[in-house]
Amino acid sequence: MTKTIDFEKTLNAEQCAAATAADGPVLVIAAAGTGKTRTLTHRVAYLVEQGIDAQRILLLTFTNKAANEMVQRATTLVGERVGGLWGGTFHHMANRILRRQATRIGYQQDYSILDADDSKRLVRACVDELKLKSKHFPKPEVLMGLFGMAASTERQVVDLAHQRFQYHDISAEDIARVHALFMRRKRELNAMDFDDLLTNALQLFREHADVAEMYQQRFQYVLVDEYQDTNVIQSEWVDTLAKGYRNILVVGDDFQSIYSWRGADFRNIMSFPVRYPDARIFKLETNYRSVPEVLAVANACIAGNPEQYQKTLHARREPYKRPVLAELRDGGDQARFVIDTVRNLRREGYAPKDIAVLYRAHFHALELQMELARQGMPFFITSGSRFFEQAHIKDVCTVLRLLGNASDQLSFLRLMELIPKVGKRTAEKIWTAMEGAFDARQADKRQQLVKGLPNSARETGEQIMDVFAAYYDGRIGNTPGAVIEEFVNVFYDEYAVKTYENYDRRMEDVNELVTFSTKFQSIHDFLSEMALLSNIDAEMDRSEAAFDDAIRLSTVHQAKGLEWQAVIIIWVVEGMFPSNRAIETPDGEAEERRLFYVATTRAKDELFICVPSTRRQRDGAMNYCTPSRFIEEIPPDLFRAAN
DNA sequence: GTTTCGGTTCTTTTT
DNA sequence: GAACCGAAAC
């Protein structure tokens, strides 16, 4: 017999009420640091203790890290009984469902997943094909943003484009044409991007009642974390899945809604009681994380957003020190301040991993990174470009992706263009000759490919083709790692030496990828995981011990859900935080304020806010900075002076 | 006609 | 860095 949990003892009254709530719809408003994860974990444990089969519980989270953490903590509470629980991100769940049902919506089961880089390339190709490329036409990233917005808000691209470019000489119809071609191409490539995963899964539910019903029957309980960051697709998704039993429990905090630029709408959380009139609402307001002085600053900051659910964080911890507002001369001065502060904190007994530096955008940290490197202070940064999206990682996966989906034109072109003397044109010609698919199983197809290459490239082409042959002949294993290793041995290692100055570092990444791949049996599992794992998730798997001696550098977005003893926020000046571009959009300022609130509430003991007064421009000229409006809104006596 | 190379420019936030 | 552009090299 497994031990039973005394919920009233291990949780406070607020948490306990939410974790042990009776069946039916439940909304939990959980302010920062109030034990949200703890509550959700105990909810899972509670359900399992009540005799619910874990396979019938669905737990949707924002990151894989959050899902893993919760499952792990629930396992500690009630043991192996949580084994069959479905936990993960919306995208993971969509992929899991679509892998079984893709044919119902006109896709093949072996579809590929396009990451941001793939989608961008495809959009660029569509713009080229329609001959719309010009100085004034929006760049692929801008188009992608527009398409993504349309997908996640269920609006028409032409309307959004019209709105966005009404004062510019850009045709909304042309943008809609690019979008239409982009959508068609993805079908032809048998590929889905991140947005497609969500919309296609929803379409599947809408058009196939039997599929929807199957999952509605399966999931007796649906739990959703970070509900304030769901978009309309996701919220309809959740509503659909919960239709069977109506045991839906969502947890969120409208103050921490920071993804509206991705279609997230915190009104989902506000309207929950309207969609579920019998919903019970629980509020968690007791903060265990931060000292009262930090909370005072956080509360003062968010008071600038009056139209939100007002809730006050009640401090549980003893008074300690007021946060520091540090006025610095420039970026260099700021970097030295950060380093001095870290040294002082170390002397006070904090470990490096207890300290984080947060900022609005990755490039804000460039100067600091250089100074840290120069001073030999170890740091650990979650970089802007994703591990799996780096050129060398994508290069070594092209063969694998083609084995997984013969229609993957993007991987085909990428692979061909690795061969010397083969460029865009030649690669495209060969692809056209292949008639839309490269079926590497057939020896004559491989032959045909080599014949399409210029003479000087044939030998290399044959070497690469032999990787495919080896896979099908069974000469190498059929695991993802074996294919990558073979490709590296016969071709890529030599290529990398010639191409990259930092060959060593890049090949280390490749080796790490092979190690990572051993966890997966099938090529598809591996490729899906690669596309859907975020940077933070990927880093989880890398040697964590190495990071214990390093301070953490992170964007505020990526810091969400994390906490540190001491937090230093840099570049809190107008134009950078809030970012210039963000405040141009309606409600942009309110979201930036929420973002600043998220930043401040990451700190447990100590908070340092840096305000440099000048910033060097690209051309070397000095720019004067005004302290952020978010600083001006906070009463000065809530801060202490820097020593 | 294609590929390659060298110089220039620009960085919001992410599954 | 890495994406883009124009010019040189093949």
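The sequence lines fix the lettering, A, B, ..., with proteins before strands; numbering per chain opens at 1.
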SB check A:Asp225 A:Lys36 (cutoff 4.0 Å): yes
Reading 5' to 3' through nucleotides 1-8 of chain C, protein heavy-atom contacts under 4.0 Å coded B for base, S for sugar-phosphate only, - for none: SSSSS---
B:dT15 base stacked by A:Phe90 (centroids within less than 5.5 Å, tilt under 30°): no
All ring pair (Phe, Tyr, Trp, His ring centres under 6.0 Å) counterparts of A:Tyr597, not counting sequence neighbours: A:Phe255
Listed partners of A:His392 passing side-chain contact (heavy atoms from CB on, under 4.5 Å), at least two apart: A:Gln390, A:Tyr492, A:Tyr500, A:Arg505, A:Arg506, A:Asp509, A:Val510
For A:Asp128, all residues meeting salt bridge (Lys or Arg N to Asp or Glu O under 4.0 Å), sequence neighbours excluded: none
Contacts of A:Glu529 that satisfy salt bridge (Lys or Arg N to Asp or Glu O under 4.0 Å) - sequence neighbours left out: none
Sugar-phosphate, base or nothing in reach of A:Phe363, heavy atoms under 4.0 Å: sugar-phosphate
For A:Arg458, all residues meeting salt bridge (Lys or Arg N to Asp or Glu O under 4.0 Å), sequence neighbours excluded: none
Salt bridge (Lys or Arg N to Asp or Glu O under 4.0 Å) against A:Glu462, all qualifying residues, sequence neighbours excluded: none
Partner set under side-chain contact (heavy atoms from CB on, under 4.5 Å) for A:Arg262, not counting sequence neighbours: A:Phe62, A:Tyr259
B:dT12 OP1/OP2 closer than 4.0 Å to side-chain N/O of A:Arg581: yes
When you compare the protein's N or O atoms with those of nucleotides 1-5 of chain B, which come within less than 3.5 Å of each other, and at what distance?
{"from": "B:dT2", "atom 1": "OP1", "to": "A:Lys429", "atom 2": "NZ", "distance (Å)": "3.0"}
{"from": "B:dT3", "atom 1": "OP1", "to": "A:Gly423", "atom 2": "N", "distance (Å)": "2.6"}
{"from": "B:dT3", "atom 1": "OP1", "to": "A:Gly423", "atom 2": "O", "distance (Å)": "3.4"}
{"from": "B:dT3", "atom 1": "OP1", "to": "A:Thr426", "atom 2": "N", "distance (Å)": "3.2"}
{"from": "B:dT3", "atom 1": "OP1", "to": "A:Thr426", "atom 2": "OG1", "distance (Å)": "2.4"}
{"from": "B:dT3", "atom 1": "OP2", "to": "A:Lys424", "atom 2": "N", "distance (Å)": "3.3"}
{"from": "B:dT3", "atom 1": "OP2", "to": "A:Arg425", "atom 2": "N", "distance (Å)": "3.1"}
{"from": "B:dT3", "atom 1": "O5'", "to": "A:Gly423", "atom 2": "N", "distance (Å)": "3.4"}
{"from": "B:dT4", "atom 1": "OP1", "to": "A:Lys421", "atom 2": "N", "distance (Å)": "2.7"}

